[in-house]
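Read through the structure below, which is laid out as structure tokens, and then see the notes.
Because the structure is a prediction, the values reported are computed rather than measured. Just so you know, these numbers use all the heavy atoms, side chains as well, and skip hydrogens, waters and symmetry mates.
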Amino acid sequence: MAIFRAFLNAAVQSKMVKFGLQFKATLENVTNVRPEGEDFRWFLKLKCGNCGEIPDKWQYVNLAESAPLKGGRGSASMVQKCKLCSRENSIGLLFANVGLSPCFVSVKAEDSEKFKTMVQFECRGLEPVDFQPQAGFAAQGTESGTAFPEVNLLEKDWTDYDEKVKESVGIYEVTHRFIKC
């Protein structure tokens, strides 16, 4: 029985699951809301798929960092050992087809107040359960095309002023959810 349980745990552990982070906000006079740069940090709370432990600390993944997977099976954005059960788990960012460009999706003005998948994660032994947006987002004026390169969504709201069209701009009521892909 113990051998079967160990085999079953190993099979569950090695199974890769894709999760999409869906983003929703009310957009005022802005479009093309997106993460900026390879060093953009996705701050997440991650649950161990083996024991259910969810650490209190926010953890982040980004494109700029990579760690090798055990057994030479490639790499991931983050590889961690669960503090409770000692299981090695990993999470990585999904890339688009052969071009090796990240699958980050911009939220457009027409997506205002609708959930839209912004990024996907490849998870082995982990499940994202919470997301904390922070600095590093960018947006663009809907009418003017004005670039807003330093959007901080930590407070779940952001406002500015578009000088070109003399209008206020903003991103309000930021929320999210995770879906299995």
Which atom of S168 lies closest to which atom of E28, heavy atoms considered = OG-OE2, 3.1 Å
ask   = Do the ring centers of Y172 and W158 come within less than 6.0 Å of each other?
value = no
message = Could you go through V33 and L27, starting from their C-alpha distance and side-chain angles, then the distance that decides it, and tell me whether this counts as side chain to side chain contact (heavy atoms under 4.5 Å, CB included)?
response = CA-CA 9 Å; V33 177; L27 306 181; 4.0 Å; yes
inquiry  = Using side chain to side chain contact (heavy atoms under 4.5 Å, CB included), reason through V119 and L93 one step at a time and then give a plain yes or no.
reply    = CA-CA 8 Å; V119 64; L93 295 159; 3.8 Å; yes
note = Output for pair (I179 CD1, L21 CG), nearest 0.5 Å, gives 9.5 Å
Pair F40 and W42, ring centroids less than 6.0 Å apart = yes
ask   = With a 4.5 Å heavy-atom cut-off, do C123 and S90 have their side chains touching?
value = no
inquiry  = Measuring from atom CZ of R87 to atom SG of C48, what distance do you get when rounded to the nearest 0.5 angstrom?
reply    = 7.5 Å
key: Value rounded to 0.5 Å, distance of OG in S86 from NZ in K81   = 5.5 Å
message = Angle between ring planes, F178 versus F121, binned at 30° and 60°: parallel, tilted or perpendicular?
response = tilted
ask   = Is it true that the side chains of Q132 and Q134 contain a donor and an acceptor less than 3.5 Å apart?
value = yes
query = Taking C-beta and beyond as the side chain, do L153 and I171 meet within less than 4.5 Å on heavy atoms?
reply = yes
key: No-hydrogen, no-angle side-chain donor-acceptor test under 3.5 Å, Q140 and T31   = no
inquiry  = Main chain of E173, side chain of D157: is a donor-acceptor contact present, judged purely on distance under 3.5 Å?
reply    = yes
Distance-minimising heavy-atom pair for F148 and V151 = O-CG2, 3.5 Å
More than 12 heavy atoms from other groups under 6.0 Å of NZ on K70 = no
message = I'd like to check F43 versus Q59 (side-chain heavy atoms, cut-off strictly below 4.5 Å). Are they in contact?
response = no
inquiry  = So does V174 get a backbone contact from the side chain of K24, meaning a donor-acceptor N/O pair under 3.5 Å?
reply    = no
inquiry  = Less than 4.5 Å apart, side chain to side chain, heavy atoms only: is that true for M16 and K18?
reply    = yes
key: Closest heavy-atom pair and its distance - K45, P55   = CD-O, 3.6 Å
inquiry  = Quick one, Y161 and N29 - any side-chain contact, counting heavy atoms below 4.5 Å?
reply    = no
ask   = Can you name the nearest heavy-atom pair linking C51 to C85, along with the distance?
value = SG-SG, 3.8 Å
ask   = Hey, is the main chain of V30 close enough, under 3.5 Å, to the side chain of T142 for a donor-acceptor pair?
value = yes
request  = Check whether any side-chain heavy atom of F23 lies under 4.5 Å from a side-chain heavy atom of D111, and answer yes or no.
outcome  = no
ask   = Just wondering, are more than 12 heavy atoms of other shown residues or ligands nearer than 6.0 Å to CD in E53?
value = yes
request  = List the steps, then state whether side-chain hydrogen bond (donor to acceptor under 3.5 Å, both in side chains) holds for E65 with S77.
outcome  = CA-CA 6 Å; E65 297 177 21; S77 298; over 6 Å; no
query = Does the ring centre of F131 sit less than 6.0 Å away from the ring centre of H176?
reply = yes
message = Looking at K156, I want to see if its NZ is surrounded by more than 12 non-hydrogen atoms of other residues, nucleotides or ligands under 6.0 Å.
response = yes
Test item: L44 and I91 side chains (from C-beta on) under 4.5 Å apart, heavy atoms = yes
request  = Could you tell me whether the side chain of S66 and the main chain of S75 form a donor-acceptor pair under 3.5 Å?
outcome  = no
inquiry  = I'd like to know if the side chain of S144 reaches the main chain of T146, judged simply by a donor and an acceptor atom lying under 3.5 Å from each other, with no hydrogens or angles considered.
reply    = yes
query = Roughly how far, to the nearest 0.5 Å, is CG of N50 from CG of L84?
reply = 9.0 Å
message = So, taking the atom named CZ in F104 and the one named CE in M118, what distance separates them when rounded to the nearest 0.5 Å?
response = 10.0 Å
ask   = Side chains of V169 and T159: closer than 4.5 Å at any heavy-atom pair?
value = no
task = Measure from the side-chain N and O atoms of K116 to the backbone N and O of S112, and report whether any donor-acceptor pair falls under 3.5 Å.
result = no
Side chain to side chain contact (heavy atoms under 4.5 Å, CB included) evaluation trace for L126 with K47 = CA-CA 5 Å; L126 291 173; K47 179 171 91 173; over 6 Å; no
inquiry  = Check E36 with R34, please: is the shortest side-chain N to carboxylate O separation under 4.0 Å?
reply    = yes
request  = Show your working on side chain to side chain contact (heavy atoms under 4.5 Å, CB included) between L46 and M78 and close with a plain yes or no.
outcome  = CA-CA 11 Å; L46 300 165; M78 181 178 66; 3.2 Å; yes
key: Distance (rounded to the nearest 0.5 Å) between R124 CZ and L69 CG   = 7.0 Å
query = Does CD belonging to E143 count more than 12 external heavy atoms closer than 6.0 Å?
reply = no
